[in-house]
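Structure first, then comments.
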Amino acid sequence: MPNPSVPPQKGQRQEPEERIKNFDEVAQGLTKEQALQEANRCLNCKNKPCQMACPVNVQIPDFIQHLLKDDVKGAISKIMETSLLPAICGRVCPQEKYCQGACTLKEKFGPVSIGLLERYTADSARKQNLTIPPTPQKESGFKVACVGSGPSSLACAAELRRKGHKVTVFEALHKLGGVLSYGIPAFRLPREVIEAEIKNLKKMGVDFEENVLIGPSLSIKELLKDFDAVYLGSGAGLPMMAGIPGENAVGVYSANEFLTRINLMKAYDPKSDTPIKIGKKVLVLGGGNSAMDAARCARRLGQGEVTVIYRRSQAEMPARKEEVENAMEEGIKFSFLTIQKEVLIDENGHAYALKCTRAKLGEPDEKGRRRPIEIEGSEFTIPADSIIIAIGQKPNPIIPKSTPQLKTTEKGTLVLDDNQKSTMEGVFAGGDIKRGGATVLLAMKDGITAATEINKYLENKGAK
Ligand code: FAD
């Protein structure tokens, strides 16, 4: 009998004073006993609200029923019917917005810790060698190229390969994984977890080519000579700046550069080719996942104070709730309702302070978040040695610029129809290049939807 009144399991975590000295994973996951106890909280609801709320429709109640019988192999196989990235999603998905937000137990007892159960399943299966990647259908003879190796392309590639198409993923960087590798730090998502899940795609027969910049070095038109269709999952890697005076000063970084240098180029190691120097006072502008990641990396690198500057209140922060709590536990300070106005620069061109004003909350904007309204005469200055701008990203224009057939919106995202089809014949797209910055799950959902459409497109072309 399910026992939902037992308090939800949270799993072990490194203590804050210890973890700020290292880049090892903070959350340690569930033990077998904890996982079984948590699985026993699930009511196995007939209408499956958690599954309905999952953008990639993971069969949550079903995999939990396998876990209850300690059948990890059955549980992982169930998950892999719809998602090949469970160890990643179990760690980084904002479950409070999706599955756990819809759990029947949410109000009365607290939701089932579905993310932790998914992570437990994937990790245990990997350690016990129980993960069997799906077997592709008979070879179709069609070839599809996926551009970018972030979650959107990975999900698309896996689905296309299941259908028996030959798939090659082209990645501009030397590391695969997109934001999972260059943006999200190892203390949230260990590199071996990303590598293991990509390895499953390789086992299915998906090919990967790193260090290929599609557009300038290999055009989409050229790709279409070799491939029957193309999926663009090239993300939103162009950082947005704040547009304030002084933001080009020495000591000001975009979160994108800061995190890439740490995650891909080991800038935390003073012996690396590109070490990052940050001083005793670091300011991070923004309230999303990038801002939390940058602040927590800065805390681990520096010896002093890290403060997040956010123009709304905590309730409006788009970052995962757990990561905001983690950042607070790690001693990161927050200055809410604060608007950045100018970076003050010394005679050497180095930033030394941030001029700000106070704000109050007004009416909700188009996304439903209350707008910040500047309070007149409330100017003040915060001293800073380093300032990291983490206020958002947009698609890099490299591909559309080199491909005039691809139409873009004013925001730089690609114009797509409801079936993820671009304005160029045979080219589909999704993920952050469509949404301009969203979540891993929405990027995956786009990749899966596009794979279905690409499959139909190829079928219409006739057998090869
Ligand atoms: P990306 O992950 O950006 O991958 C695109 C890939 O395409 C990159 O590897 C890029 O190098 C490659 N590429 C680009 N142009 C070319 C080209 N011309 N040729 C070849 N390759 C190219 N979401 C969550 O759900 N949870 C989180 O905790 C979370 N944390 C985040 C932390 C940070 C720092 C950031 C920036 C984002 C975070 N997000 C999070 C958002 C999430 O990571 C993205 O929405 C998601 O990764 C988008 O996936 P994608 O596949 O569309 O693009």
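Every number for a ligand or one of its atoms is a count from 1 in the order of the listing. All values below come from the heavy atoms of this structure, side chains included, with hydrogens, waters and symmetry mates left out.
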Check your understanding: So which protein heavy atom does atom 45 (O) of ligand 1 come closest to, and at what separation?
Key -> D432 OD1, 3.0 Å
Check your understanding: Where does V147 meet ligand 1, judged by heavy-atom distances below 4.0 Å: at the side chain, the backbone, both, or neither?
Key -> side chain
Check your understanding: Going by the atom numbers of ligand 1, which of them fall below 4.0 Å from some non-hydrogen atom of V212?
Key -> 19 (N), 20 (C)
Point to revise | From T413, T409, D446, residue fulfilling side-chain hydrogen bond (donor to acceptor under 3.5 Å, both in side chains) relative to K434 | key: D446
Practice item. Identify, for atom 32 (C) of ligand 1, the protein heavy atom at the shortest distance, and state residue, atom and that distance. Key: D293 OD2, 3.2 Å
Exercise for review: Quick one: look up the protein heavy atom nearest atom 25 (O) of ligand 1 and list residue, atom name and how far away it is.
Suggested key: V440 N, 2.9 Å
Revision key, fill the gap. shortest atom 41 (C) of ligand 1-to-protein heavy-atom contact is with A438 O, 3.4 Å
Check your understanding: Within the distance-only criterion (no hydrogens, no angle test), does the side chain of E171 pair as donor or acceptor with the backbone N or O of L173 below 3.5 angstrom?
Key -> yes
Review point. Touching ligand 1 at all, G215? Heavy atoms, strictly under 4.0 Å?
Key: no
Review point. Where do L337 and S313 come nearest, in terms of heavy atoms and distance?
Key: CD2-N, 4.2 Å
Point to revise | Whether G237 lies under 4.0 Å from ligand 1, heavy atom | key: no
Check your understanding: Side chain or backbone of E323 under 4.0 Å from ligand 1, or both, or neither, by non-hydrogen atoms?
Key -> neither
Review point. Heavy atom under 4.0 Å from ligand 1: found in L154's side chain, backbone, both, or neither?
Key: neither
Exercise for review: Using a strict cut-off of 4.0 Å, indicate which atoms of ligand 1 neighbour a heavy atom of L213.
Suggested key: 17 (C), 18 (N), 19 (N)
Practice item. May I ask you to check if ligand 1 and G430 share an N or O to N or O distance below 3.5 Å? Key: no
Review point. Please state which protein non-hydrogen atom is closest to atom 19 (N) of ligand 1 and give its distance, to 0.1 Å?
Key: I214 N, 2.9 Å
**Study point:** Option set G235, A294, G288, criterion heavy-atom distance to atom 53 (O) of ligand 1, minimum
**Key:** G235
Check your understanding: Please walk me through it: do I454 and C156 pass side chain to side chain contact (heavy atoms under 4.5 Å, CB included)?
Key -> CA-CA 9 Å; I454 293 172; C156 185; 4.2 Å; yes
Practice item. Answer side chain, backbone, both or neither: which part of A443 comes under 4.0 Å from ligand 1, heavy atoms only. Key: side chain
Check your understanding: Hey, mind stepping through Q340 and L283 against side chain to side chain contact (heavy atoms under 4.5 Å, CB included) and telling me if it holds?
Key -> CA-CA 10 Å; Q340 64 272 358; L283 302 182; over 6 Å; no
Check your understanding: So, is E171 polar-close to ligand 1, with some N/O to N/O distance under 3.5 Å?
Key -> yes
Point to revise | Axial cation check for Y182 ring with K175, 6.0 Å and 45° limits | key: no
Check your understanding: Taking only heavy atoms of G178, which atoms of ligand 1 are found under 4.0 Å from at least one of them?
Key -> 2 (O), 4 (O), 8 (C), 9 (O)
Study note, to complete from the structure: Taking only non-hydrogen atoms of G431 and a 4.0 Å limit, the atoms of ligand 1 in range are 52 (O)
Review point. If you count the non-hydrogen atoms of other residues, nucleotides and ligands that lie under 6.0 Å from CD in Q405, is the total more than 12?
Key: yes
Check your understanding: Any ion pair linking K199 and E195 (charged N to carboxylate O, less than 4.0 Å)?
Key -> no
Review point. Heavy atoms only: which of V92, L173, V179 is nearest to atom 37 (C) of ligand 1?
Key: V179
**Study point:** Proximity to ligand 1 by part of N396, non-hydrogen separation under 4.0 Å
**Key:** neither
Study note, to complete from the structure: Within 4.0 Å of some non-hydrogen atom of S290, the atoms of ligand 1 are 33 (C), 34 (C), 35 (C), 36 (C)
Exercise for review: Could you see which bit of R320 sits under 4.0 Å from ligand 1, with heavy atoms only: side chain, backbone, both or neither?
Suggested key: side chain
Practice item. Within a distance under 4.0 Å of any heavy atom of S152, pick out the atoms of ligand 1 and give their elements. Key: 50 (P), 51 (O), 52 (O)
Exercise for review: Please report the C-alpha distance between L160 and F142 in whole Å, then the side-chain angles of each, then the deciding distance to 0.1 Å, and finally whether the side chain to side chain contact (heavy atoms under 4.5 Å, CB included) criterion is met.
Suggested key: CA-CA 10 Å; L160 290 167; F142 288 112; over 6 Å; no
Check your understanding: Within 45 degrees of the axis of the six-membered ring of F187 and under 6.0 Å from its centre: does R300 put its NZ or CZ there?
Key -> yes
Review point. Any idea which of G148, A172, C89, G233 brings a heavy atom closest to atom 5 (C) of ligand 1?
Key: G233
Review point. Passes side chain to side chain contact (heavy atoms under 4.5 Å, CB included), M292 versus M328? Steps please.
Key: CA-CA 10 Å; M292 292 310 102; M328 288 180 169; over 6 Å; no
**Study point:** Which segment of A255 sits under 4.0 Å of ligand 1 when only heavy atoms are counted
**Key:** neither
**Study point:** N-O pairing of R119 and E25 below 4.0 Å
**Key:** yes
Exercise for review: Using a strict cut-off of 4.0 Å, indicate which atoms of ligand 1 neighbour a heavy atom of L259.
Suggested key: 34 (C)
Review point. So does K166 pair up with D207, basic N to acidic O under 4.0 Å?
Key: yes
Review point. Under a heavy-atom criterion of less than 4.0 Å, does R188 contact ligand 1?
Key: yes
Exercise for review: Starting from atom 29 (C) of ligand 1, locate the nearest protein heavy atom and write down its residue, its atom name and how far away it is, to 0.1 Å.
Suggested key: N289 ND2, 3.4 Å
